[in-house]
There are 2 protein chains.
Amino acid sequence: MAVRIDGVDRKILAEMQRDASQSLDDIARAVGSSKTPVWNRIRKLKEAGVIRQQTVFLDAEALGFEACFFVLIRTSEHDADWQARFLKALQDRAEVQEAHRLAGDIDYILKVRVRNARAYDAFYQALISEVRVHNVTALLSMEEIKSTTMLPLEI
Amino acid sequence: MAVRIDGVDRKILAEMQRDASQSLDDIARAVGSSKTPVWNRIRKLKEAGVIRQQTVFLDAEALGFEACFFVLIRTSEHDADWQARFLKALQDRAEVQEAHRLAGDIDYILKVRVRNARAYDAFYQALISEVRVHNVTALLSMEEIKSTTMLPLEI
DNA sequence: GCTCAATATAGGAAATTGTTCTGGATATCC
DNA sequence: GGATATCCAGAACAATTTCCTATATTGAGC
């Protein structure tokens, strides 16, 4: 389960982050090895869950998702039942791309990707009717300056 | 450049979002087509930039990135020069996974992924020494409840 | 420092997959 | 309603993945 990750693994992961459509031979060349060890390492990294998903990163606007909100949530309810229902509500809604429980004044932050402001309002109304929250602030993104999931795996 | 995206394209994109390591045959079967048209559509979607990147989604904690901050930034400087320098500073820093320019009271929000609080402080000090900002609030994530880049391409 | 065991490696064979081509079907425009 | 363009299924070929085998490397115990 717990794998030891060395420099070669990090190089492989860096290459795959950069472009996961490369062939094994290309990755092997990039990391200075041959395809068999690279293939075995990738398999182990997948098994261990270090590689969680292989996916494509799409242009949200080209697909009609033109609005993005960051939602700051304060709640006065902190019992386990409320938390479980809130968690489930977030996980069930595909608009919610990120959800974090925070330390401090604000309890949760969400990133919500929707087609337009109307769709955000529908999401908001549905959410607050499902779970009670004390205070909600929505920050509307005007421009996505940067967006990546890449980790800086500098060797 | 501007492609028309139909239901089949959306099905293909949905499959690729779910698992980009599938073979063309698998995707073709899933969308009810054969691999030639699927291959041509994928090529066009890549050319048009709808598919921006094929990548792997890694377990940040397993790789030692144990801290995640959302940073709310207010500034009193809004001229083009300042903005260009700020933009460049964000794009140059690999810790910054997301950066959005906002409407309203708060001007920018960042998502910053670092190894620990000390690394965040180093980032913060470097940033404010490079560009002048009026007010910075950091929200520390305690728990990543949800994290995905998938768009809800319901057909 | 040597031996043995464990592990990692390169190279190659077989199976699978990606890419291109061809002919035929469907839709569109005049 | 016919010409034009577009799209699709299937086959052929090229490339890649997957697995196997033999060799090299590393580390622990003596």
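Every value quoted in this text rests on a predicted model; they were computed, and no experiment measured them. Each chain gets a letter, A, B and so on, in the order the sequences are listed, and its residues count up from 1.
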Taking side chain as C-beta onward, heavy atoms only, is [X] less than 4.5 Å from [Y]?
{"X": "A/Leu127", "Y": "A/Val96", "result": "no"}
{"X": "B/Met16", "Y": "B/Ile42", "result": "yes"}
{"X": "A/Phe69", "Y": "A/Tyr124", "result": "no"}

When rounded to the nearest 0.5 angstrom, what is the spacing between CD1 in B/Ile5 and CG in B/Leu45?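 Answer for the CD1-CG pair, B/Ile5 versus B/Leu45, is 6.0 Å.
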Nearest 0.5 angstrom please: A/Phe65 CZ to A/Gln97 CD, how far?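 A/Phe65 atom CZ to A/Gln97 atom CD measures 8.5 Å (nearest 0.5 Å).
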[atom1] of [X] versus [atom2] of [N]: gap in Å, rounded?
{"X": "A/Asp9", "N": "C/dT7", "atom1": "CG", "atom2": "C1'", "answer": "14 Å"}
{"X": "B/Asp26", "N": "D/dT16", "atom1": "CG", "atom2": "P", "answer": "19 Å"}
{"X": "B/Lys35", "N": "C/dT16", "atom1": "NZ", "atom2": "P", "answer": "13 Å"}
{"X": "A/Arg4", "N": "C/dA6", "atom1": "CZ", "atom2": "P", "answer": "20 Å"}
{"X": "B/Trp39", "N": "D/dG10", "atom1": "CH2", "atom2": "C1'", "answer": "16 Å"}
{"X": "B/Ile42", "N": "C/dG18", "atom1": "CD1", "atom2": "P", "answer": "9 Å"}
{"X": "B/Arg29", "N": "D/dG10", "atom1": "CZ", "atom2": "P", "answer": "13 Å"}
{"X": "B/Asp25", "N": "C/dA15", "atom1": "CG", "atom2": "P", "answer": "17 Å"}

Of the options [options], whose atoms approach the side-chain atoms of [X] most closely?
{"X": "B/Thr36", "options": "D/dA11, C/dA8, C/dG12", "answer": "D/dA11"}
{"X": "B/Leu24", "options": "D/dA9, C/dG18, C/dT9", "answer": "C/dG18"}
{"X": "B/Lys44", "options": "C/dT19, D/dC7, C/dA8", "answer": "D/dC7"}

By nearest nucleotide on DNA chain D, pick out whichever of B/Val8 and A/Ser21 is the more 5' one.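 The residue whose closest nucleotide sits nearer the 5' end is B/Val8.
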Regarding A/Arg41, tell me which of base, sugar-phosphate or nothing describes its non-hydrogen contacts under 4.0 Å with the strands shown.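 Sugar-phosphate: the residue A/Arg41, judged by heavy atoms under 4.0 Å, touches backbone atoms but no base.
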Contact class for A/Ser23 vs. all strands (heavy atom < 4.0 Å): base, sugar-phosphate, or nothing?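 Answer is sugar-phosphate: A/Ser23 comes under 4.0 Å of backbone atoms only.
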